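Reading through the structure tokens given below for one structure.
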Amino acid sequence: MKKKTFMLDESPKRFDRIISILIQLQSKRIVKAQELADRFEVSLRTIYRDIRSLETSGVPIYSEPGVGYSLVDGYRLPPVMFTREEATSFIASEKLMETFIDKELGKHYASAMFKIKSVLKNTDKDWLSSIASKVIVQQPSVHLFNEKVPDAMSVLFKSIADKTQVKLLYQAFDADSSERIIEPVGVYHDHNNWYIFGFCHLRNDYRQFRADRIQGIEKTVIAFIKEHKPLEEYLNKEKECPTTQVVLLVDKKIVKYLDYEKKYHGFVSQKKIGDKIEMTFLCRDLENGFSRWLLMFADYATIIEPQRLKERMLEMLESYKINLLK
């Protein structure tokens, strides 16, 4: 009786894994069995069995004990090919995605990268490997996502595509967690954080939600009840909100440390006055965003205007004092 191939006699889960192994074999010159076992969370024995299934199906795999597996050069399934310059551009995106996206979406991206690399020539794979080890993206100083909710971005993307509502357990600033039903319009990165902009049924208005404050997330099957405009229109509208002029007199020695974040707080201009630097801002969030940022270097700055900023700073310092004495 003719022996069946893995395409006919294996479970869907194993079939998917074997196809993924084939793609990974095409993504690198040499792939170690342990590397495959770690990725798919199976034993080495299972990997050996899967490799035999591929060989039985006619895939030309070359193996060398103690080294790993490789495909015979020239064997390709996908017809797509990339130039070396295009392939090089993948490195930056891969490094950024590893650092700035949540765990679940990161896994999907890594899988996609294996597929992209699988169509490269062996010389181009070596070229990428030599560059990749020289590119490092530093981890952000803040947690971009709640580690207890590793699939937040993936769920949100599905919701946006399917136009279905999402249930959030959300920790607002200085408040207890509350359940929110939202219709996500889009996702954007700003001020070193990821934000979700959407229509909140609890507030009956559009709101933004910071990704790291999401304590739980669940996609529903309930369709949107509103027709939403493109995300850009809402964000541009927010930029047109009223602003408050802020003028600070800052010590010269601290100014260089403010360069990175000052643009996020409405920086307009600066000029030298004696041994100080006068900095002018048009601020959209005086009560929380700007005042809390100013606290970081308040001992090196004098508030020229507005009076409300001085009052707000005193309120926060008094609150902090009370908490220290508890």
Side-chain angles (χ1 to χ4, degrees), residues 1-99 101-133 135 150-151 153-154 157-158 161:
M1 184 176 177
K2 188 176 179 179
K3 185 177 180 181
K4 295 180 180 179
T5 68
F6 71 88
M7 293 184 179
L8 298 176
D9 64 5
E10 302 297 341
S11 67
K13 182 176 180 180
R14 187 181 179 219
F15 175 80
D16 290 340
R17 184 178 68 247
I18 291 176
I19 293 300
S20 295
I21 289 174
L22 176 56
I23 290 171
Q24 187 165 345
L25 285 170
Q26 293 180 92
S27 72
K28 296 175 66 176
R29 179 185 287 273
I30 297 175
V31 179
K32 295 181 179 181
Q34 188 62 57
E35 181 181 347
L36 294 170
D38 292 343
R39 179 189 173 192
F40 299 105
E41 299 180 346
V42 295
S43 65
L44 284 172
R45 183 178 178 181
T46 297
I47 294 299
Y48 298 150
R49 189 174 73 245
D50 291 345
I51 293 293
R52 284 196 298 272
S53 294
L54 284 169
E55 292 173 331
T56 301
S57 300
V59 178
I61 299 176
Y62 173 78
S63 62
E64 184 174 344
V67 178
Y69 299 105
S70 62
L71 292 175
V72 173
D73 204 8
Y75 179 82
R76 295 286 182 274
L77 285 182
V80 180
M81 294 298 289
F82 298 95
T83 65
R84 177 170 287 187
E85 291 74 20
E86 289 171 336
T88 303
S89 71
F90 300 149
I91 295 175
S93 61
E94 186 174 20
K95 296 288 184 178
L96 288 169
M97 288 290 283
E98 288 173 354
T99 306
I101 205 67
D102 68 4
K103 185 176 181 180
E104 183 68 18
L105 207 59
K107 283 171 52 180
H108 296 316
Y109 184 81
S111 179
M113 284 303 300
F114 280 127
K115 294 178 181 178
I116 290 173
K117 291 177 181 177
S118 70
V119 302
L120 300 177
K121 298 177 183 178
N122 281 338
T123 53
D124 289 342
K125 293 172 189 175
D126 293 340
W127 169 272
L128 281 189
S129 296
S130 66
I131 297 175
S133 62
V135 178
D151 60 344
M153 296 291 272
S154 181
F157 286 173
K158 290 176 184 175

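Residue numbers start at 1 and run along the sequence shown. Worth saying up front: this structure is predicted, and the values here are computed from it rather than measured.
- Using a 4.5 Å cut-off on side-chain heavy atoms (C-beta onward), E98 and M113 make no contact.
- In terms of modelled atom types and a separation under 3.5 Å, the side chain of K125 and the main chain of I30 share no donor-acceptor contact.
- For R52, there are no salt bridge (charged side-chain N to carboxylate O under 4.0 Å, His left out) partners two or more places apart in sequence or in a different chain.
- For P60, the side chain to side chain contact (heavy atoms under 4.5 Å, CB included) partners are V72, Y75, not counting sequence neighbours.
- E35 is linked by a side chain to side chain contact (heavy atoms under 4.5 Å, CB included) to Q24, K28, V31, K32, counting only residues two or more places apart in sequence or in another chain.
- Note that CZ of R29 is 4.5 Å distant from CG of D126, once rounded to the nearest 0.5 Å.
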Per-pair distances, 0.1 Å, donor-acceptor, side chain in residues 104-111, under 3.5 Å, sequence neighbours excluded:
unit_1	atom_1	unit_2	atom_2	d
E104	OE2	H108	NE2	3.4
Y109	OH	S93	OG	2.9

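- Here the CD1 atom belonging to I61 is positioned 4.5 Å from the CG atom belonging to L54, to the nearest 0.5 angstrom.
- Applying the side chain to side chain contact (heavy atoms under 4.5 Å, CB included) rule to S63 yields the partners Y69; only residues at least two apart in sequence or on another chain are considered.
- Taking the salt bridge (charged side-chain N to carboxylate O under 4.0 Å, His left out) definition, one finds that D124 meets it with R84, sequence neighbours left out.
- Under the rule for a salt bridge (charged side-chain N to carboxylate O under 4.0 Å, His left out), D151 has no partner lying at least two apart in sequence or in another chain.
- A search for side chain to side chain contact (heavy atoms under 4.5 Å, CB included) contacts involving E85 returns T83, not counting sequence neighbours.
- The CG atom of L128 sits 6.0 Å away from the CG atom of L120 when rounded to the nearest 0.5 Å.
- With sequence neighbours left out, S129 forms a side chain to side chain donor-acceptor pair (under 3.5 Å) with no residue at all.
- Contact detail for L44 and A37: the closest heavy-atom pair is CD2-CB, 4.1 Å.
- Rounded to the nearest 0.5 angstrom, L36 CG and I51 CD1 are separated by 6.0 Å.
- Atom CG of L22 sits about 12.0 Å away from atom OG of S53, to the nearest 0.5 Å.
- T46 meets the side chain to side chain donor-acceptor pair (under 3.5 Å) test with S43; sequence neighbours excluded.
- Expressed to the nearest 0.5 Å, how far CZ of F90 lies from CD1 of I116 amounts to 5.0 Å.
- Among residues two or more places apart in sequence or in another chain, the ring pair (Phe, Tyr, Trp, His ring centres under 6.0 Å) test is passed with F114 by none.
- With sequence neighbours left out, E55 forms a salt bridge (charged side-chain N to carboxylate O under 4.0 Å, His left out) with no residue at all.
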